[in-house]
There are 2 protein chains.
Amino acid sequence: MDGDKIRNMEEFASVSGLSRPTLSKYFHDPESVRTSTRKRIEAALEQYDYRPNIYAMNQNRRLTKNIGIVVPFLADPFFAEIARNIENLVTESGYRPILLNSQGSPENEIDNLDSLRSIKPAGVLFAPLGRESDRSAIESFCRDVPTVLFDSNIDGMGEAFVGSDNYSFVSQTVEYLSRTGEPPSFFEMRNPANPNANKRRHAYVKMMERLGLEPHVIRIEGSGWGFEEIGRQGGFKVLEEKLLPTDTVLCSNDRLAIGFLSACFERGVSVGRVDGCDLRVASHDDHPFSRFTCPSLTTAAHDYTEVSDRSVETLLRLIESGGRFERREEELFAAHLIMRNSA
Amino acid sequence: MDGDKIRNMEEFASVSGLSRPTLSKYFHDPESVRTSTRKRIEAALEQYDYRPNIYAMNQNRRLTKNIGIVVPFLADPFFAEIARNIENLVTESGYRPILLNSQGSPENEIDNLDSLRSIKPAGVLFAPLGRESDRSAIESFCRDVPTVLFDSNIDGMGEAFVGSDNYSFVSQTVEYLSRTGEPPSFFEMRNPANPNANKRRHAYVKMMERLGLEPHVIRIEGSGWGFEEIGRQGGFKVLEEKLLPTDTVLCSNDRLAIGFLSACFERGVSVGRVDGCDLRVASHDDHPFSRFTCPSLTTAAHDYTEVSDRSVETLLRLIESGGRFERREEELFAAHLIMRNSA
DNA sequence: CCCAATTCTTTACGCGCGTAAATTTTTACT
DNA sequence: AGTAAAAATTTACGCGCGTAAAGAATTGGG
């Protein structure tokens, strides 16, 4: 560093011996200039540590290098983990990730989209709240901004959807549970916000019928995003009122299961797949904490890596295609069963 | 909405019957124009839904309405929770929060600060990684940008620090544990990245000595941010090698405790404060999941609300003071003990 | 009703960079 | 060495808004 403070690209152009338009090209895409030129620029960059003013860069550019990432509830480690992966991929691709958290509220979700709109992002990766989302607001957003949905699908919204195949989750857990012991009841919230929950229930019923078993769905009350507490209260209720026809429970998702397990523990109900246990509990998602529950949770895992990779890959392809696909793409990844000690 | 699309402030000025400079003032601070004018603007805003271009707004302004929030590891629900609180407060204060995640890596931390610097934020709320942070880079950042540290302190950095009083945490847990049963050993990582961990160990030793008890610190190997797994492996080791002089363990933080509890469960070691249990386990932080562990975790809780409130309040005051305080402020909040079933 | 203080309008310039077009220089290849 | 293609330079304009200064309009208080 020469201590000389470079004020703008013009000055940096003169000290680096190049022209401003060339530098502009370089900052837009380093690969777009000759290797020798790139080296010169990067050498000068070392010396003078100049950085272009992003505001000036973006104001007069059609599409920026920003990519918005909107998740419904960041305090859920599942989304934190996905967001983490996606952020890294976006950065590696030379874009700037902008992470926005809807915090379970439809108003925040719209605010986030509005705020993204005014940032003119190259594209947006968007995991909607689901049932509570404002469909028309999202529709209008997707018309203006190239958007790929992930995690939860809303029919027709965005140019693509990347997520997990709920049927794959449930078929594996149901198959495994009914093969190795009594068939499972399905434990879920009565009014799940997330569309995946509904698909999982349907898959459960269908799968049970296919196996010639009687489906049994337990739907507990509760709203909001405090799934663990809801699962816990539901667990108490289920245990007290003896709502289980068999010794096996399949929770709609791991967070409910975490609460359910804590209820079992507190009531002295032993959970596990070994002989002598009162109950078997399994679930879906492979939540980051599910290996640390007591007992550790048998669950069907998202392919976090595939979902993140493909979401980003799809968005980049969408951006290159000018923001529109011929027809909406939909890609679902299979789950894989993770056998731990709870079932 | 009239369908008419307003392209810039000039156009919006003409349709709203006001001058552009007045509108500019309004968008900078709605209170700075006469009430009647404000009403007129807001009415027009309803009709035409125009939003100023943020890039153009900020490029030529000294300080923006952006507030950066940097957390060391967002996949840790503790930070997710704090970040959530802070984001809300920042928004309520009329600023735009920009949440950045260092993901446990010092390189990311510096990248985040660099990226914030180029955004010219009004101020930054910064929770550093700790031991691994690049001191000099942070120092230089704090010289340029009004910064308030939170959660973990680095001496002399930033204009203020807001966090929890580690001594208060540990003194309460140690006092409680030794009053109600055998005195605790202290369970921690050998090389904790976070400075709070060191303070907690010191506090433990001091507190034990004050009570006339023999301190006993167990330091387990492990690096990175996978605390649960480290606690779990450490737990196995402790149980196998019988490293505990008493039946009581105090973990440095809840995430270690979550792992430790899972190890106990797996080895059939019963944990709890009731008679007949093999072990008592307590911890610090009141991690969002600590009420769902098996057994639920007795812990000393951060005052999340106070820490978030005060951090934001302090930063806003710092911004109003022109970015500098007479002398560095430091504010620590006391913990409160939360008695659950593990001890 | 007058006057001073406040608020708004008019005018004008600049911010830092994107970007287009025409020109010159460099590169790669025969 | 000659040539076409590729890359860089020069020139010039515009983006949308901040902001300063000077004047006009509005306000409120006596």
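All values below come from the heavy atoms of this structure, side chains included, with hydrogens, waters and symmetry mates left out. Note on naming: letters A, B, ... go to the chains in the order of the sequence lines (proteins, then strands), and numbering restarts at 1 for each one.
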**Message:** Check this for me, if you would: do B:Glu139 and B:Arg143 make a salt bridge, where the nitrogen-to-carboxylate-oxygen distance has to be below 4.0 angstrom?
**Reply:** no
**Request:** Can you establish whether the number of heavy atoms outside A:Arg324 located under 6.0 Å from its atom CZ is more than 12?
**Result:** yes
**Request:** Figure out the CG/P separation between B:Asp29 and C:dC8, and round it to whole Å.
**Result:** 12 Å
**Complete:** Rounded to whole Å, CD of B:Glu10 lies from P of D:dC17 at a distance of 9 Å
**Message:** Can you tell me which nucleotide in D:dC17, D:dT9, C:dG16 comes closest to the side chain of B:Asn8?
**Reply:** D:dC17
**Message:** Any base atoms under 4.0 Å from A:Tyr50, or only sugar-phosphate, or nothing? Heavy atoms, all strands.
**Reply:** sugar-phosphate
**Asked** Can you check whether A:Ser19 has a side-chain N or O nearer than 4.0 Å to OP1 or OP2 of D:dT10?
**Response** no
**Prompt:** What integer distance in Å separates A:Met57:CE from C:dG18:P?
**Reply:** 5 Å
**Prompt:** Rounding to a whole Å, what distance do you find between B:Arg7:CZ and D:dC17:P?
**Reply:** 12 Å
**Asked** Is there a donor-acceptor pair under 3.5 Å between the side chain of B:Glu159 and the backbone N or O of B:Phe325?
**Response** yes
**Set of residues satisfying side-chain contact (heavy atoms from CB on, under 4.5 Å) with respect to A:Glu107, sequence neighbours excluded** = A:Ser105
**Prompt:** Nearest to the side chain of B:Leu18 - C:dT9, C:dG18, C:dG16?
**Reply:** C:dT9
**Item:** A:Arg310 bridged to A:Glu313 by N-O distance under 4.0 Å
**Value:** yes
**Item:** Distance, rounded to the nearest Å, where B:His28 contributes NE2 and D:dG18 contributes P
**Value:** 9 Å
**Asked** Does OP1 or OP2 of C:dG18 have a side-chain N or O of A:Ser24 closer than 4.0 Å?
**Response** yes
**Message:** What contact category does B:Pro21 fall into here, base, sugar-phosphate, or nothing, at under 4.0 angstrom with non-hydrogen atoms?
**Reply:** base
**Prompt:** Of the candidate nucleotides D:dC15, D:dA8, D:dC17, which contains the atom at the shortest distance from the side chain of B:Met9?
**Reply:** D:dC17
**Prompt:** Between C:dG18 atom P and A:Tyr55 atom OH, what is the distance in whole Å?
**Reply:** 15 Å
**Message:** Rounded to whole Å, please give me the gap between CD in A:Glu11 and C1' in C:dC17.
**Reply:** 14 Å
**Request:** Quick one: list whatever passes side chain to side chain donor-acceptor pair (under 3.5 Å) with B:Arg7, sequence neighbours left out.
**Result:** none
**Fill in**
Picking from C:dC8, C:dG16, C:dT19, the nucleotide nearest the side-chain atoms of A:Arg20 would be C:dT19
**Message:** So if I take residues 31-44 of chain B and measure heavy-atom distances to DNA chain D, which residues fall below 4.0 Å?
**Reply:** B:Arg34
**Fill in**
Rounded to whole Å, CD of A:Gln59 lies from P of D:dG18 at a distance of 11 Å
**Asked** Thinking salt bridges, do B:Arg84 and B:Glu81 make one under a 4.0 Å N-O criterion?
**Response** yes
